[in-house]
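Let me begin by presenting the structure, written as structure tokens, before commenting on it.
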Amino acid sequence: MHELRTGSADGARADFEEMLAQLAGATNPNVRMIAANPGDWGIDAFAGDLGGAITVWQSKYFMPKTTTSQSDQIRDSLKNALKAAAANGHTVTLWILCIPSSMDGPAAKWWDGWKKRQEKAHNLVIELWDKTTLVKKLQSPEGDQVRRAYYEVFTAPAALAHEQMRLVLDVEEDKAAALDSALFVRQMTEAGHLELDSAKRQFFNADLVAREVAHKGVPAEAAALSFFSGDAPG
């Protein structure tokens, strides 16, 4: 989706980084990004006080999977963040690696061991926001607006919605003929009403709607259907 939004892998990398800052800010106060000038102090996004302790989010756009071939980039990212912290008078207490993919087996094994060693050596906490974690956070109430802004715009083409609407409006001839035996059709015929095509279509459409509402089980829609069908109390 990031490549669709921007048209290139380079654009996707920057777009993913911005999305992470928004997602981090959805659950953490005062999250900021660092503009490269020329470097970025080893920080893509952070929370805290640059005169004291900070949490760092480090974005790495590894796609379609993360392997041990990218381990040097991960090592260098933490090294640069700690070096900049020592030079500029702040402390990294939590370092979060953010990747849009999953690690393969060897990479996951390397990560687990490297993470423990770095936490012990530098007295900090290291976390991983990989594909699984990011999806969970984006589907949470806190991350819902970020998900809508960066991903939902591609999931509902207008043409498809239009075609689905037409399915409810048109009734095939064989289905209309099958309704001739319906009780309401026989009752209307006996009452002298002979032009029944419109009534058949309305009945067929209403039946489709009722089945769809029952299938989805949305309480508000079920209550509305019950009201209009005369089943509501009072």
side-chain contact (heavy atoms from CB on, under 4.5 Å) partners for Asn28, two or more places apart = Val31, Trp57

For Ala12, all residues meeting side-chain contact (heavy atoms from CB on, under 4.5 Å), sequence neighbours excluded = His2, Glu3, Thr6, Tyr61

Within the structure provided, determine whether [X] and [Y] are in side-chain contact (heavy-atom separation under 4.5 Å).
| X | Y | answer |
| --- | --- | --- |
| Met19 | Val146 | yes |
| Thr133 | Lys137 | yes |
| Met1 | Leu4 | yes |
| Pro100 | Met63 | yes |

remark   = Of all heavy-atom pairs linking Ala45 and Ala21, the shortest is CB-CB, 4.2 Å

Please list all pairs meeting salt bridge (charged side-chain N to carboxylate O under 4.0 Å, His left out) that have one or both residues in [range], counting only residues at least two apart or in different chains.
| range | value |
| --- | --- |
| residues 78-107 | none |
| residues 23-45 | none |
| residues 8-21 | Arg5-Asp15, Asp10-Arg13 |
| residues 110-121 | Lys115-Glu119 |

query = Is the backbone of Ser71 close enough, under 3.5 Å, to the side chain of Thr68 for a donor and an acceptor to pair up by distance?
reply = no

So, taking the atom named [atom1] in [X] and the one named [atom2] in [Y], what distance separates them when rounded to the nearest 0.5 Å?
| X | Y | atom1 | atom2 | value |
| --- | --- | --- | --- | --- |
| Gln139 | Arg147 | CD | CZ | 7.5 Å |
| Lys131 | Ser102 | NZ | OG | 5.5 Å |
| Leu134 | Ser101 | CG | OG | 9.5 Å |
| Trp129 | Leu23 | CH2 | CG | 5.0 Å |
| Thr66 | Gln73 | OG1 | CD | 10.0 Å |

Qualifying residues under side-chain hydrogen bond (donor to acceptor under 3.5 Å, both in side chains), relative to [X], sequence neighbours excluded:
| X | value |
| --- | --- |
| Ser140 | Glu142 |
| Thr55 | none |
| Ser69 | Thr67 |
| Lys60 | Ser77 |

Under the salt bridge (Lys or Arg N to Asp or Glu O under 4.0 Å) test, residues paired with Arg75 that sit two or more places apart = Asp72

query = Considering residues, nucleotides and ligands other than Asn88, do more than 12 of their heavy atoms fall under 6.0 Å from its CG?
reply = yes

remark   = Apart from Ile99 itself, members of its ILVMFWY cluster (side-chain separation under 4.5 Å) are Ile34, Trp41, Ile43, Phe46, Leu50, Ile54, Val56, Phe62, Ile74, Leu78, Leu82, Val92, Trp95, Leu97, Met103, Trp110, Trp111, Trp114, Leu124, Ile126, Leu128

